Amino acid sequence: MTEQFKMDAPATARRLDDMAQGLVGAPLDRPEGPLKVTGTATYANEWQVEGMVHGVMVRAPGNSGRVVLANRDAVANMPGVLAVIQDARLLRNPAQGTANQAPIQGPGEAAYLGQLIAVVVAEEFEQARHAAQSLKVELENGEVMPVDPATAAVEPQEAKTLDQGDLEGAMAQAAFSVDVTYTTPSHSSTPMEPHASIASWDGEDLTLRGSYQMLKYNRNELSDALGIHPDRLRILSPYVGGGFGSKLGIAPEAVAAAIAAKEVGRPVSVALHRQQVYEATMRRSETTQRVRLAADAEGRLTGLGHDARVSNLPGESFAEPVLQASHFLYAGANRKMSMDLARVHRLCAGSVRAPGEAVGVTVFEGAMDELADKIGMDPVELRRRNIPEKDPESGKEFSSRRFREALDSGAETFGWADRPGVKERREGEWLIGYGMASAARVNVLMESQARVTLMPDGRLRVETDMTDIGTGTYAILGQIAGDMMGLPRDAVDVVLGDTSLPPASGSGGSWGASSSGTSVYLACEAIRRQLAARLEVEEGDLMLKDGMATFDNQTRSLSDILNGDEIAKVGHVQPGDTSEAVRQATFGAYFAEVAVHAASGETRVRRMHGTFAAGRILNAKTARSQCLGGMTFGIGIALTEELAFDPRDGHVANHNLAEYHIPVNADVPQLTVDLLEERDDWANPLQAKGIGELGICGAAAAITNAIYNATGVRVRDYPATLDKVIAGM
């Protein structure tokens, strides 16, 4: 039986506040943690499947032209080679998140340099790799295609245009104003685990062991790509070694493995090597963003503008949504926003952790710092003065918002009151600066299902195709189920990452824990009602703790009540009216101290603090870990991360970990995080909101604002590498 629930009204019961087991919110360890650190958790390319052979993908050497495999027959006859496959069903690029259908297919024409256009299959991996490297790929009738977003053809995104009031008039009449343009480069998700799939057929039924984030969508995308019914396809993804958006949609290696396995009649493993991960998965679009701010003499915004240019491949509808938080974060009656999408022949742009806000809030918070400096006002106070009472565009109420508290608490914890003026603090050769920025991220509830089974022995089993990409899903779903059913965490088994299980929301958009967690909550409520019916009491009068049920001054064990039976229920949540009735978002604030070398311009982050409010915190340890990861990502955006594209053909020039510089231990100080208590009845029955991406949204701005405080240098072209800093000094 399925427990259906549509989120049409605020869920005010707040049952998890009073559950006797006390699991939800506690900083519990991840139950799968020991498996991961001991190497016994099986990741996508580690399955040992009998008879398995290996495929290696082949890349296009240019960004246009008809693909010709010039020496195909010779390669097909190399030792161990089983097949050289160029199939019209192969993918041009991965599917976008929640696409639910195949992306553009057909490797016959190259669209970007590095596109995966063929797969070579051999008995041994080394044989497949050697053969793939030996395959000569030629492009016929190729042209010089646009690769530079600054000069490429642009498509205005009319649906993302806003013109409210008179911004130009507000700018002309403002006591203080800024009109600045910032640029951010492309970023790569760079998950630790490369993209990999193992495909095996049993007659007409396909099993894919892959590294994916959103299995219910991935199954439909893969079935559409292959032309088979979804019911004939099963995806297993119990452990994912990081995704950050790059594994949201089905990717070329999965389709290649499935096609190859069918052709050679054996299971086929296809794993992308690190260069291919950089060249052929997803990038965050580079952005050019113009921010205009108009303020009165007291620092209250009278107008704001945010215009952006982003890019993507021809045929792709995704446009990096950098304007998302600008719509609601600050007040200002006169508002103007627009977005242009440039069509370039670079690898596909798509969702990278916190798409939109990661770079949109960062740029906007840089402009806010510039305004505070021009006014001569404390940057925290400027933000306080411009917190809107309601959504400044729609007039909707905020579902919950502890933005002011995050600013105040963060400032106090960090010691913001001791902030020096610009270029006022020095320690030997190092210039010391303080910076801050706000954090904001939209909040979303997605449709999700989970099955919960109370076993005859009193143990609990939670099953859903939800994934855990390092976010703590195994822990959190077990905590919710344990609390609802009055069982210790080790009496709850959580099974994830299998499309034969009820379809969940998937891991993306910071909606995974709250959406899949709500479906678990609903299933447990239904089980509680059935237990209460057996005992002939009201469900609200039933207290469950440590496997025992207390009611009417009686206590019985769950196994005794079940009497050899099991109770299984499916919880099914759907978004409803609350998604549109109010403005739902999460908020926070960052504070950073940096040291900038006076001679070289080298920047070191010395300490960094974040305070965040995201509804009910389901697990304090995993939530804190997510914020730490987001802030670390912010350090990368601020100082090191940048995909470099060759201006001649658009290929990624730094397609490896040696030259794409993610922050390492030496770059990251001891970060601190505070999580504010909050309940959001409009979000879901858990009163929880997404936190996985909040920690990155604006984090980089706190660092570059601190660089300005230390040096007087305003870097508007991210990342703030030492050459850009020293040039201004």
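What you are looking at is a predicted structure, and each value in this text was computed from that prediction instead of being measured. FYI, the numbering just counts along the sequence from 1.
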Of all heavy-atom pairs linking Glu365 and Asn705, the shortest is O-ND2, 3.5 Å
Just wondering, do Pro94 and Pro103 contact through their side chains at under 4.5 Å, heavy atoms? no
Minimal heavy-atom distance between Val154 and Pro156, with the atoms involved, is O-CD, 3.7 Å
In this structure, CE of Met214 is separated from CG of Asp465 (nearest 0.5 Å) by 10.0 Å
- Just wondering, more than 12 heavy atoms not from Arg274 lying within 6.0 Å of its CZ? yes
Taking every heavy atom of Pro719 against every heavy atom of Pro185, the minimum-distance pair comes out as CD-CG, 4.0 Å
Checklist entry - Tell me, do Leu69 and Val137 make a side-chain contact under 4.5 Å, heavy atoms counted? => result yes
Practice prompt. Measure up the His54 and Phe125 rings against each other and bin them: parallel (under 30°), tilted (30 to 60°), perpendicular (over 60°).
Written response: perpendicular
Between Ser211 and Ala196 (side chain of the first, backbone of the second, donor and acceptor by atom type, cut-off under 3.5 Å), is there such a pair? no
Notebook entry, point to check: Do Tyr718 and Arg716 come close enough that some side-chain heavy atom pair is under 4.5 Å?
Noted result: no
When rounded to the nearest 0.5 Å, the distance separating CG of Asp717 from OG1 of Thr288 is 9.0 Å
Note, Val310 side chain near Leu341 side chain (heavy atom, < 4.5 Å): yes
Check: Ser507 and Met466 side chains under 4.5 Å, non-hydrogen atoms
yes
Using 30° and 60° as the class limits, which term best fits the ring planes of His306 and Phe364: parallel, tilted or perpendicular? tilted
Say whether, by atom type as modelled, one donor and one acceptor occur between the side chain of Arg343 and the main chain of Leu313 under 3.5 angstrom.
yes
Apply side-chain hydrogen bond (donor to acceptor under 3.5 Å, both in side chains) to residues Thr586 and Asn443 and explain how you reach the verdict. CA-CA 7 Å; Thr586 54; Asn443 185 67; over 6 Å; no
Does the side chain of Glu143 come under 3.5 Å of the side chain of Ser64 through a donor N or O and an acceptor N or O? no
Handout entry: Intermediate values then yes/no, side-chain contact (heavy atoms from CB on, under 4.5 Å), Leu639 and Ile707
Key = CA-CA 11 Å; Leu639 300 178; Ile707 292 173; 4.1 Å; yes
Assess the residue pair Thr362 and Thr184 against the criterion (side-chain contact (heavy atoms from CB on, under 4.5 Å)); give the C-alpha distance rounded to whole Å, side-chain angles, the decisive distance to 0.1 Å, and a yes or no. CA-CA 9 Å; Thr362 290; Thr184 65; 5.6 Å; no
Check whether Tyr474 forms a cation-pi arrangement with Arg30 (NZ or CZ under 6.0 Å from the six-membered ring centre, at most 45° off the ring normal).
no
Scanning both residues in full, the closest heavy-atom pair of Ala658 with His661 reads O-NE2, 3.0 Å
Checklist entry - With distance as the sole criterion, is a donor-acceptor pair present between the side chains of Ser505 and Ser516 under 3.5 Å? => result no
(message) Between Lys36 (side chain only) and Ala41 (backbone N and O only), is there a donor and an acceptor less than 3.5 Å apart?
(response) no
message: Checking Glu286 against Ser311: is there a side-chain donor and acceptor pair closer than 3.5 Å?
response: yes
So does His273 have more than 12 non-hydrogen atoms from other groups sitting under 6.0 Å from NE2? yes
- prompt: Short question: side chain of Arg346, backbone of Val147 - any donor-acceptor pair under 3.5 Å?
  reply: yes
Rounding to 0.5 Å, atoms CD (Gln86) and CD1 (Ile117) come to a distance of 6.0 Å
Q.
If the threshold is 4.0 Å, N to carboxylate O, is there a salt bridge linking Glu641 and Arg284?
A. no
Donor-acceptor pair, Ser515 side chain versus Met446 backbone, under 3.5 Å?
yes
- Just by distance, with hydrogens left out, do Asn312 and Ser285 show a side-chain donor and acceptor under 3.5 Å apart? no
- Could you tell me whether the side chain of Glu46 and the main chain of Tyr43 form a donor-acceptor pair under 3.5 Å? yes
- Parallel under 30°, tilted from 30 to 60°, perpendicular over 60°: which one fits the rings of Tyr590 and Phe612? perpendicular
Distance col, row Glu221:CD vs Ile250:CD1, nearest 0.5 angstrom, shows 6.5 Å
**Prompt:** Just wondering, do Leu628 and Val673 contact through their side chains at under 4.5 Å, heavy atoms?
**Reply:** yes
Looking at Asp224 and Ala102, would you say the former's side chain and the latter's main chain have a donor-acceptor pair under 3.5 Å? yes
Next item on the list: Using a 4.5 Å cut-off on heavy atoms from C-beta on, say whether the side chain of Thr183 contacts that of Thr287.
Entry: no
Ile469 backbone acceptor or donor facing Lys247 side chain under 3.5 Å
no
| task | Starting from the C-alpha separation in whole Å, work towards a yes-or-no answer on side-chain hydrogen bond (donor to acceptor under 3.5 Å, both in side chains) for Asn63 and Asp649. | result | CA-CA 7 Å; Asn63 66 16; Asp649 54 24; over 6 Å; no
Ser237 side chain to Tyr212 backbone, donor-acceptor under 3.5 Å: yes
### Message
If you apply the rule side-chain contact (heavy atoms from CB on, under 4.5 Å), what do you find for Phe645 with Leu347, and how did you get there?
### Response
CA-CA 10 Å; Phe645 293 92; Leu347 77 148; 3.5 Å; yes
Given side chains that start at C-beta, do those of Thr467 and Leu496 come closer than 4.5 Å, heavy atoms only? no
| said: Using only atom types and a distance under 3.5 Å, with no angle test, would you say the side chain of Ser189 pairs donor to acceptor with the backbone of Phe244? | reply: yes
Interatomic distance, OG1@Thr640 vs OH@Tyr660, rounded to 0.5 Å, equals 7.5 Å
Nearest heavy-atom contact between Gln213 and Asn218 is N-OD1, 4.0 Å
One should read off an interatomic distance between Ser197 OG and Leu272 CG, to the nearest 0.5 angstrom, of 8.5 Å
